[in-house]
**Q** 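Got a structure for you, questions after.
Excluded from the calculations below are hydrogen atoms, water molecules and symmetry mates; all remaining heavy atoms, backbone and side chain alike, are included.
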Amino acid sequence: MQQPKASLVERIAERRGGGDDPRALVGEMRRSVLLVPMADGGLWSVRSGGVRWICGFTDEAALARFALRHTRGDQPMDYAALLGARIVDEIVPALGEPAGLAVDIATEDGSMFFPPVVGIVPDAAAVDSGAVGEGPRS
């Protein structure tokens with residue numbers, strides 16, 4: 001009998017607790033639809049540690065926690081619903097700089113960062129592959 005699929009939130013909790021297979025976490029991130037805030041016609045991101053982090057949220061409650069900290073309370077926050085795989089496979093490489101995905105950053109003890117490394121982003125966009133900046137990205 002097949003066990004029910006864990007949600008990304010459950011996988012993050014397992015990983016933060018020291019358990020679970022990191023490959024299962026990355027796989028769940030890739031299959032999950034994430035809510036990504038929009039700002040100035042693009043996806044909301046922040047730069048830290050030499051990396052541009054695209055911020056995605058697992059549900060509207062997690063997005064609302066973020067919005068309360070980054071907008072006026074009476075202002076709606078536009079967002080795009082994107083598959084995690086699309087973010088790391090298409091959007092990150094198109095940025096032309098080291099970029100990763102930060103999930104649920106306003107959720108205390110529930111955030112997870114997916115850095116721009118081999119196994120998470122395409123090799124051409126990974127900072128540990130030696131391929132960053134070595135030619136055109138498609």
Side-chain angles (χ1 to χ4, degrees):
M1 183 171 177
Q2 190 174 0
Q3 291 197 329
K5 183 180 85 163
S7 74
L8 181 55
V9 170
E10 292 168 327
R11 290 280 186 206
I12 289 171
E14 290 169 359
R15 188 69 192 140
R16 288 180 65 100
D20 199 28
D21 176 358
R23 292 171 298 184
L25 173 64
V26 171
E28 193 59 42
M29 174 273 295
R30 295 178 61 76
R31 290 185 294 274
S32 295
V33 173
L34 297 168
L35 308 179
V36 182
M38 304 294 291
D40 301 323
L43 301 178
W44 199 93
S45 63
V46 62
R47 285 183 176 81
S48 179
V51 175
R52 182 172 173 182
W53 296 98
I54 296 171
C55 299
F57 299 89
T58 53
D59 58 27
E60 288 182 340
L63 177 61
R65 284 189 291 276
F66 171 80
L68 286 173
R69 295 180 182 175
H70 295 283
T71 64
R72 290 188 5 224
D74 60 344
Q75 294 292 322
M77 178 174 270
D78 293 331
Y79 63 89
L82 300 169
L83 196 59
R86 182 163 185 221
I87 297 169
V88 297
D89 291 346
E90 297 175 24
I91 296 169
V92 163
L95 294 174
E97 64 182 298
L101 174 62
V103 175
D104 287 352
I105 61 170
T107 302
E108 189 173 330
D109 297 327
S111 63
M112 183 61 60
F113 290 78
F114 296 89
V117 296
V118 171
I120 295 178
V121 300
D123 290 354
V127 296
D128 61 340
S129 73
V132 173
E134 290 183 2
R137 294 185 183 169
S138 51

**Q** In this structure, which one of L43, V121, V36 forms a side chain to side chain contact (heavy atoms under 4.5 Å, CB included) with I91?
**A** L43
**Q** Verify, without hydrogens or angle tests, whether S32 (side chain) and E28 (backbone) share a donor-acceptor contact under 3.5 angstrom.
**A** yes
**Q** Would I87 and V26 show up in the same hydrophobic cluster when neighbours are defined by side-chain heavy atoms closer than 4.5 Å?
**A** yes
**Q** Taking atom CE of M29 and atom CG of L34, what is their separation to the nearest 0.5 Å?
**A** 8.0 Å
**Q** For the CG atom of L68 and the CG atom of L63, what is their distance to the nearest 0.5 Å?
**A** 9.5 Å
**Q** Under the side chain to side chain contact (heavy atoms under 4.5 Å, CB included) rule, collect the residues that match up with V118, sequence neighbours excluded.
**A** D123, A126, D128, S129
**Q** Between S111 and R16, what is the shortest heavy-atom contact and its length?
**A** O-NH1, 2.8 Å
**Q** Do the charged groups of D89 and R30 touch, with an N to O distance under 4.0 Å?
**A** yes
**Q** Where the side chain of D104 meets the backbone of M112, is there a donor-acceptor pair that is under 3.5 Å apart?
**A** no
**Q** Using the side chain to side chain contact (heavy atoms under 4.5 Å, CB included) criterion, which residues pair with D59? Sequence neighbours excluded.
**A** A61, A62
**Q** Could you tell me whether the side chain of E60 reaches within less than 4.5 Å of the side chain of L35, counting heavy atoms only?
**A** yes
**Q** Check R47 with E97, please: is the shortest side-chain N to carboxylate O separation under 4.0 Å?
**A** yes
**Q** Work out which heavy atom in V33 is nearest to a heavy atom in A81; give both atom names and the distance.
**A** CG1-CB, 3.9 Å
**Q** With heavy-atom distances below 4.5 Å as the criterion, would you say the side chains of V51 and P116 are in contact?
**A** yes
**Q** Going from CD1 on I12 to OG1 on T58, what distance comes out if it is rounded to the nearest 0.5 angstrom?
**A** 6.5 Å
**Q** Can you tell me how far the CD atom of E14 sits from the CG atom of L25, to the nearest 0.5 Å?
**A** 9.0 Å
**Q** Does a side-chain heavy-atom distance below 4.5 Å link R52 with P98?
**A** no
**Q** If you group Ile, Leu, Val, Met, Phe, Trp and Tyr by side-chain heavy-atom gaps below 4.5 Å, do V88 and V117 land in one group?
**A** yes
**Q** What is the minimum heavy-atom distance between I105 and C55, and which atoms define it?
**A** CD1-SG, 3.6 Å
**Q** With side-chain contact (heavy atoms from CB on, under 4.5 Å) as the criterion, how do M77 and W44 come out once you've worked through the C-alpha distance, each side chain's angles and the decisive distance to 0.1 Å?
**A** CA-CA 11 Å; M77 178 174 270; W44 199 93; 5.6 Å; no
**Q** Which distance, rounded to the nearest 0.5 Å, do you find between the CZ of F113 and the CG of L101?
**A** 9.5 Å
**Q** Mind checking whether F57 and R65 have side chains closer than 4.5 Å, heavy atoms only?
**A** no
**Q** Quick one: do L95 and V103 end up in the same hydrophobic cluster if we chain Ile, Leu, Val, Met, Phe, Trp and Tyr together by side-chain heavy atoms under 4.5 Å apart?
**A** yes
**Q** side-chain contact (heavy atoms from CB on, under 4.5 Å), that's the test. Do V46 and I54 meet it? Break it down for me.
**A** CA-CA 7 Å; V46 62; I54 296 171; over 6 Å; no
**Q** Closest heavy-atom contact between W53 and S48?
**A** NE1-O, 3.4 Å
